[in-house]
Structures are given as C-alpha cells and as structure tokens.
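Reviewing the structure listed below.
Note that the coordinates shown come from a computational prediction; the quantities given were computed from them, not determined experimentally. All values below come from the heavy atoms of this structure, side chains included, with hydrogens, waters and symmetry mates left out.
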Amino acid sequence: GDMQSRITPTLIEHVTGASQVTAGKWHCLVLNDIGRLFSWGYGKNGRLGQGDELSHYRSKPVQGYNRVHFSSCSAGISHSLAVSDDGRVFSWGDGNFGKLGHGDQENVLRPKIINSIPSDVNIVLAKAGDYHTLLVTEKGEVYSFGRGKNGRLGHGN
C-alpha cells in the first residue's frame with residue numbers, strides 16, 4: 001500500500017470477495033462474502049480493530065474472530081462497528097462520549113461485544129456517526145448512544 005491520492009477509480013488488487021465496504025474519515029472496513037472483516041487506514045485509538053494503534057496501508061484481516069460471521073460493518077471518524085449474523089454488536093476504537101456502548105469512555109483495540117444490549121434483542125444494523133452510534137433491531141426499534149450534542153441521539157432532550 002501507499003499514501004498516494006488517486007483522481008480516478010483504481011482497483012485495490014489485494015481486496016477480493018468484498019460484499020460490503022464502509023469509509024470512515026480516517027479508515028476503511030470491508031466485509032467479504034464469508035463474513036470476515038478487514039481494515040486499513042489510520043490506526044489511532046484502535047479503530048482498525050487490530051489490537052494496536054498502528055496504521056495499515058493495505059487491508060488486513062481482523063484477527064481472532066474466525067468463528068464469528070459478520071453481516072454488516074460501519075466506520076465512523078474514530079470508532080468502528082460490526083454486527084454478527086446472530087444479532088450481536090461489536091464495537092472498538094475511540095470510546096469518548098460512550099459511543100462504543102460499553103458503559104465507559106475507554107478506547108478498545110479489538111472488536112468487543114456490547115453486553116449492555118438486552119439478550120433478547122437482535123440487532124440487524126449498526127451505524128457509526130462522528131461521535132455517536134445508532135443500532136436497528138429486527139423489530140425496527142432504534143437504540144442510540146454517545147454524544148448527545150445538537151439532539152443527535154433522538155431522545156427529544
């Protein structure tokens with residue numbers, strides 16, 4: 001990989017089997033057709049999920065999740081999310097404002113299950129905003145958490 005800008009669409013030759021992509025401000029995530037997660041870009045705060053804060057200029061598999069089949073992913077400015085086929089949500093990266101959903105503001109260097117979601121709730125979609133997170137359940141309900149400035153969490157306060 002390199003850090004050169006491109007002014008026309010250019011194939012990323014080492015990425016194959018992609019079924020979903022998401023672009024954050026500083027990093028990218030890709031899901032392949034068998035539910036494996038890959039990341040690259042600026043690694044500060046652990047947003048790449050690689051267990052460190054190193055930057056990577058080529059896609060790299062997120063290690064340790066071979067038994068988890070991810071169905072969607074989302075990259076924010078400094079945090080990342082992935083949803084597994086069985087409705088669990090994993091979050092990692094910058095924990096400021098509680099946007100990772102772990103009940104604190106700690107950074108997380110690898111995908112970590114959000115245990116505060118009730119066990120009978122299945123999440124089908126997760127989106128990482130700049131400083132907040134939104135989750136959609138299989139029943140069409142929406143959960144939000146993180147920074148509430150400007151009403152972005154939707155709770156009416």
I'd like to know if the side chain of S116 reaches the main chain of G101, judged simply by a donor and an acceptor atom lying under 3.5 Å from each other, with no hydrogens or angles considered.
yes
Would you say S78 and K99 make side-chain contact, with heavy atoms under 4.5 Å?
yes
Are the side chains of C73 and L37 in touch, meaning some heavy atoms are under 4.5 Å apart?
yes
Looking only at side chains, do H102 and S91 share a donor and an acceptor under 3.5 Å apart?
yes
Smallest separation among heavy atoms of G146 and L153, with atom names
O-CD1, 3.4 Å
Write down the atom of Q105, the atom of G98, and the distance for their closest heavy-atom approach.
CG-N, 3.8 Å
Please tell me whether V21 and W40 are part of a single hydrophobic cluster in this structure, the criterion being side-chain heavy atoms less than 4.5 Å apart.
yes
Would you compute the distance between atom CD of E106 and atom CG of D94 and round it to the nearest 0.5 angstrom?
10.5 Å
Distance from R6 atom CZ to I12 atom CD1, nearest 0.5 Å?
9.0 Å
So, using salt bridge (charged side-chain N to carboxylate O under 4.0 Å, His left out) as the criterion, who are the partners of R67 when residues are at least two apart?
none
Could you tell me if R36 and N66 have a donor-acceptor pair between their side chains, going purely by distance under 3.5 Å?
yes
Can you tell me how far apart CG (L29) and NE2 (H27) are? Round to the nearest 0.5 Å.
4.5 Å
In this structure, would Y65 and L100 fall into the same cluster of hydrophobic residues linked by side-chain contacts under 4.5 Å?
yes
OH of Y42: more than 12 outside heavy atoms within 6.0 angstrom?
no
Any luck finding a side-chain donor-acceptor pair between H132 and S144 under 3.5 Å?
no
If we ignore hydrogens and angles and just use 3.5 Å, is the side chain of T22 paired with the main-chain N or O of A75 as donor and acceptor?
yes
Any luck finding a side-chain donor-acceptor pair between H69 and D85 under 3.5 Å?
yes
Can you list the steps and then say if W26 with I77 is a side-chain contact (heavy atoms from CB on, under 4.5 Å)?
CA-CA 6 Å; W26 303 104; I77 285 181; 4.1 Å; yes
Please answer whether the main-chain N or O of G95 pairs with a side-chain N or O of N107 as donor and acceptor at a distance below 3.5 Å.
yes
For the side-chain contact (heavy atoms from CB on, under 4.5 Å) test, which of L125, V89, V121 pairs with L135?
V89
Hydrophobic clustering (ILVMFWY, side-chain heavy atoms < 4.5 Å, transitive) - are V62 and L31 grouped together?
yes
Below 4.5 Å, heavy atoms only, C-beta onward: do V83 and F90 meet side chain to side chain?
no
Under the rule for ring pair (Phe, Tyr, Trp, His ring centres under 6.0 Å), what residues qualify as partners of F97, not counting sequence neighbours?
Y131
Show, in sequence, the C-alpha distance, side-chain angles and deciding distance for I117 and I123, and conclude whether the side-chain contact (heavy atoms from CB on, under 4.5 Å) test is met.
CA-CA 9 Å; I117 299 167; I123 303 299; 4.2 Å; yes
Applying the 4.5 Å side-chain criterion to the ILVMFWY set and letting contacts propagate, would L81 and L134 be lumped into a single cluster?
no
Side chain E53, main chain G43, donor-acceptor under 3.5 Å:
no
Counting distance only, does the side-chain N/O of S80 pair as donor-acceptor with the main-chain N or O of R47 below 3.5 Å?
yes
Is there a side-chain contact between H56 and L54, using heavy atoms and a 4.5 Å cut-off?
yes
Between CZ on residue R88 and OG on residue S119, distance to nearest 0.5 Å:
12.5 Å
Please determine whether residues F70 and F38 belong to a single hydrophobic cluster, defined as Ile, Leu, Val, Met, Phe, Trp and Tyr linked transitively by side-chain heavy-atom distances below 4.5 Å.
no
Answer with yes or no whether the side chains of Q50 and S39 bring together a donor and an acceptor at under 3.5 Å.
yes
Between S19 and N32 (side chain of the first, backbone of the second, donor and acceptor by atom type, cut-off under 3.5 Å), is there such a pair?
yes
So with a 6.0 Å cut-off around CD of E141, is the heavy-atom count from everything else above 12?
yes
Restricting to salt bridge (charged side-chain N to carboxylate O under 4.0 Å, His left out), what partner residues turn up for D104, sequence neighbours left out?
none
